[in-house]
Structures are given as structure tokens and as C-alpha cells.
Amino acid sequence: MKLTRNCLGNIGKMLDFYSQFNPSPLSIKQFIDFGLSACERKSFIFLRKELPVRLANIMKEIHLLPENLLKMPSVGIVNNLYITSFEEIIHFEKVDVNETTLDKFCQALIKIRNRHTDVVQTMAQGVLELKESHDVDIQTENSIQYFLDRFFMSRISIRMLINQHTLLFGGQLNGHSRHVGCIDPSCDVIGVIKDAYENARFLCDQYYLASPELRVKQHNGKFEQKLERSNEIRIIYVPSHLYHMLFELFKNSMRAVMEHHGCDSDNYPPLEVLLVRGKEDICVKISDRGGGIPRSQTDHLFKYMYSTAPQPSKSDAHTVPLAGYGYGLPLSRLYARYLHGDIVLLSCEGYGTDAIIYLKALSTEANELLPIFNKTSSKFYRTPV
Ligand SMILES: O=C(O)CCCOc1c(F)cc(-c2c(C(=O)NCc3ccc(C(=O)O)cc3)noc2-c2cc(Cl)c(O)cc2O)cc1F
């Protein structure tokens, strides 16, 4: 379905208007400082412009996708979700700022967040529809990889803005929680590591009837910084993002260890986690002895086309609990990169794999990394003549 201005009508003009602006990246420090001052009007004024800008920037890229992908039914569904949400949000562009419009804005954000809940799975279904209906050349595969990294990063950033506003002003009592929206100003990294491990272990035990133990070490480089209450390593971060990354990596390590050592083994090599605070980086290294994968295959694990597998149907979801639709690792890397961190995989075939999560140690350096729609990004999609 070719999306031209006339079929988008006035929306096309509004998309052109808002996509002229670059998204404005916020740092974790700005999120925290803004959240502590908590002025709903200021947040509304910022978001009623910034959300349409971020939506328009990525919607313009959807329209540049390779024709074959764009015409897949599931991609059409996602595109229509974005058009509907874009229309709803630009409605607030000219309204007066009062209690009523602030409440309606919050409700609209919650409605939009719910509408887009399954967008990742729906896009994965679109890639599957493409794989099953067309031969995909390397140029198309590269365009899809480039697009989905940017599309899912944009989605992470939009949901972050929506979550902050609805948590701070949506009426739910924050209780005694010291969290600022979805940010924990003093996130206990070891605690999240243990949570993620226990939950991955539960799935592993369900399927393999056993699981590798966990050993955690930490090294807190002594740099000039506020004296920690104890030697604990704490970070200003989004615990749910950190949990998502760790849960994914623990599932992969457990799957490798259990498959490599066979189910009849009575003792499995433990997963070793090293947590280090440096001046610039906080690193979480997960080392397993799961047999590793050849270097030639490691990159494939981050590839959407390579890892798109038929969706595990509900019935057999319990059969391979550690497997999803294959986007777990690329999405986890996007969560890390969203605040200028990263995830790196180092595998030694025949022995095991190290997965390292890098996070920014300083909140002033943990800035949003946002895709910007412009001539450079558009060129990436245009197939060379
Ligand atoms: O479904 C999802 O979302 C999870 C999708 C993901 O599913 C995987 C998975 F959990 C684990 C592995 C795997 C293997 C393996 O499988 N080794 C056996 C083999 C030997 C040779 C070759 C080859 O020659 O190609 C390939 C594999 N070895 O190390 C890892 C491994 C991978 C990651 Cl990302 C990690 O954080 C820790 C690890 O220990 C591969 C996965 F793919």
C-alpha cells in the first residue's frame, strides 16, 4: 500500500510539519530533575510537541521501507496504529491548558500505550510474512535491520516519555517509593541481577528440571564520588530496562549450559557474574560454560531476519520457555544503547560465552539515543540505482 499525501490527507501535511523537527534527547539527570519538580503543565507543554515529533520522525521512515515489507498485512496494522495515535496526540496542540485537558491528555497517553502493547510481536509477524512470501536480498535485509533498530529504539523512547508523565501525574499514588517515575535514583544493581536470575532459573527448572547456580562478584573502583553507604554499587537507572537485559541474557546462558551439558548431568557449571563500577562505565559480565558459538554465528543473534522464528504458539510456549520470537537479544541491546550503554557478546566456541552489559556510570552521560529522520537516514533506504 503506497502511502501518498492524498491517502493520508491532512495527516500527511501534519507528518511533514512535525518530522521537520529533530527529537530532543533527555538525559537521566533531566528526567530526574524534572520529575522532582513535577510540574504537570510543563510536562504537558513539552510532550504535546515532543511526542508528535518522535512519532512523525519514525512514521516517515515506515513509509520508506522496502515495498515488499510495507505491503505485509502486519506492517499495515502497525502503520495504522501509529496514524491513529499521531492523530490523537496532535489534537492537544492548540487546546487550552487546564485541569480537564491535563486529565484527558493523561488518559490519551494511557490509551496510546495500551494500543501499542503488541507492536514488537506484530512487526515480527510482518517480517515472518515477508520471509514466507518473498526472497529477501541482502540489501532488503540490511534495510530491515537498520529500520527495526531505529523503530524499536523510537518505541522505547516514546514509552519512556509516556511512562514518566503517567507515573508522575496519572494519579496512582507513588507511595513511599523513592522512584521518580520509572527511574530508580539508587538502583541496587545486584538486587536486579538476583531477581532476573531467579526468574530465568524458574523457567529453566520447569523445562530442564535443573539449572546452573549463580556466583556474583563485584568490584567497586574507588573513584572520587559520593561515598556509597556501603560498598554496594548503585546507579540512577530504569530498573525495568536493566531487568529486561539481564533476564534475556540469563535465559540464553541457561539454555546453552543445559543443552551443552545434557539433561542427565548432575552438576552444571555455574553462571559467573562480575559487576564493576568504573569512572565512566558500569559493567555487568555474565560468563557461562555453555559451549559457546562460532564467531561466524555470533552476529546473527542480533539479526531480526535471522532470528525471526514462527511465534511460539500459546500451546507450546511451555515447551521451549527460554525461547521467544528471537528479538530478545537485539531488543536488550537497544535498551542498553538507549541510554548510551551497550551489550557485547564474546563467545569462545567449545567453551562458553561472556555477555557484557555496559551502562553509563554518570547520569549526566546517560542521554537518550534517538533516531533522527533526515536525508542521511532516508538515503539508507533508497536502493542504489
Ligand atoms: O528465542 C530467543 O529469543 C532466544 C534466541 C537465543 O537462543 C540462543 C541461546 F539461548 C543460547 C545460544 C548460545 C550457544 C549455543 O546455542 N551453542 C550451540 C551452537 C553451536 C554451533 C552453532 C553453529 O555452528 O551455528 C550454533 C549454536 N552458545 O552460547 C550461547 C549464548 C548466547 C547468548 Cl546471546 C548468551 O547471552 C549466552 C550464551 O551462552 C544461542 C542461541 F541462539
Side-chain angles (χ1 to χ4, degrees), residues 118 120-125 127-128 131 145 148-149 152 192-193 196-197 199-208 210-216 241-263 265 268-275 283-314 316-337 341-359:
D118 298 329
V120 174
Q121 291 90 320
T122 310
M123 277 313 273
Q125 185 56 34
V127 171
L128 200 57
K131 282 176 78 169
Q145 185 72 23
L148 287 179
D149 268 346
F152 291 140
V192 182
I193 289 170
Y197 168 78
N199 289 330
R201 178 185 208 178
F202 176 77
L203 293 177
C204 188
D205 284 333
Q206 261 192 332
Y207 185 65
Y208 294 102
S211 53
E213 294 296 324
L214 171 70
R215 289 206 195 115
V216 184
H241 291 185
L242 180 57
Y243 175 88
H244 185 108
M245 298 179 234
L246 288 163
F247 182 58
E248 178 61 29
L249 294 176
F250 277 130
K251 283 192 297 180
N252 295 344
S253 285
M254 289 178 184
R255 181 167 153 183
V257 168
M258 301 312 286
E259 295 293 334
H260 183 63
H261 291 272
C263 302
S265 164
Y268 299 94
L271 305 185
E272 304 195 351
V273 174
L274 174 64
L275 169 61
C283 303
V284 184
K285 180 168 73 170
I286 299 176
S287 304
D288 67 54
R289 277 174 270 165
I293 46 177
R295 184 166 59 96
S296 61
Q297 304 303 309
T298 317
D299 278 356
H300 292 320
L301 292 174
F302 291 99
K303 293 223 171 79
Y304 298 103
M305 283 293 286
Y306 189 84
S307 43
T308 304
Q311 302 255 334
S313 67
K314 294 282 170 281
D316 65 15
H318 60 283
T319 52
V320 193
L322 301 186
Y325 33 78
Y327 288 7
L329 197 61
L331 283 177
S332 296
R333 187 167 65 174
L334 290 178
Y335 274 113
R337 289 179 171 180
D342 206 350
I343 287 182
V344 172
L345 266 196
L346 300 165
S347 198
C348 297
E349 188 198 8
Y351 180 75
T353 300
D354 285 0
I356 305 180
I357 302 173
Y358 292 102
L359 305 174

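As a basis for the values below, the full set of heavy atoms in this structure was taken, side chains included, without hydrogen atoms, waters or symmetry mates. All ligand and atom numbering here is 1-based and tracks the order in the structure.
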Would Leu345 count as a polar contact of ligand 1, with the cut-off being nitrogen or oxygen pairs under 3.5 Å?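 N/O-N/O distance below 3.5 Å does not exist for this pair.
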What do you reckon, does Thr353 have a nitrogen or oxygen under 3.5 Å from a nitrogen or oxygen of ligand 1?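 Yes, there is a polar N/O contact under 3.5 Å.
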Please compare [options] and report which has the shortest non-hydrogen distance to [atom].
{"atom": "atom 20 (C) of ligand 1", "options": "Ser287, Gly290, Gly292, Cys348", "value": "Gly292"}
{"atom": "atom 27 (C) of ligand 1", "options": "Ile293, Asn252, Ile286", "value": "Ile293"}
{"atom": "atom 3 (O) of ligand 1", "options": "Gly352, Ser253, Gly326", "value": "Gly326"}
{"atom": "atom 5 (C) of ligand 1", "options": "His260, Glu259, Arg255", "value": "Arg255"}

Suppose I only count heavy atoms of [X] and a 4.0 Å limit; which atoms of ligand 1 are within that range?
{"X": "Pro294", "value": "21 (C), 22 (C), 23 (C), 24 (O)"}
{"X": "Ala256", "value": "13 (C), 14 (C), 28 (N), 29 (O), 30 (C), 39 (O)"}
{"X": "Asp288", "value": "37 (C), 38 (C), 39 (O)"}
{"X": "Leu249", "value": "36 (O)"}
{"X": "Gln297", "value": "23 (C), 25 (O)"}
{"X": "Leu301", "value": "34 (Cl), 41 (C), 42 (F)"}

According to the interplanar angle, ranging from 0 to 90°, do the rings of Tyr197 and Phe250 count as parallel (below 30°), tilted (30 to 60°) or perpendicular (above 60°)?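 It falls in the perpendicular class, over 60°.
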Nearest heavy atoms of [X] and [Y], plus distance in Å:
{"X": "Ser211", "Y": "Cys204", "answer": "CB-SG, 3.8 Å"}
{"X": "Arg289", "Y": "Pro270", "answer": "NH2-CD, 3.7 Å"}
{"X": "Ile293", "Y": "Ser347", "answer": "N-OG, 2.8 Å"}
{"X": "His244", "Y": "Ser332", "answer": "CD2-OG, 3.6 Å"}
{"X": "Lys285", "Y": "Asp354", "answer": "CD-OD2, 3.8 Å"}

Side chains of Gln121 and Tyr327: any donor to acceptor distance under 3.5 Å?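 No pair is found: no donor N or O on one side chain lies under 3.5 Å from an acceptor on the other.
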Tell me whether ligand 1 is touched by Gly291 - counting only heavy atoms on the residue side and a distance under 4.0 Å.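 Outside the 4.0 Å threshold, so no.
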Is there a side chain to side chain contact (heavy atoms under 4.5 Å, CB included) between Met305 and Lys131? Walk through the geometry before answering. CA-CA 8 Å; Met305 283 293 286; Lys131 282 176 78 169; 3.6 Å; yes
Is the gap between the ring centers of Tyr268 and Tyr208 under 6.0 Å?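 Distance test on ring centres: not under 6.0 Å, no.
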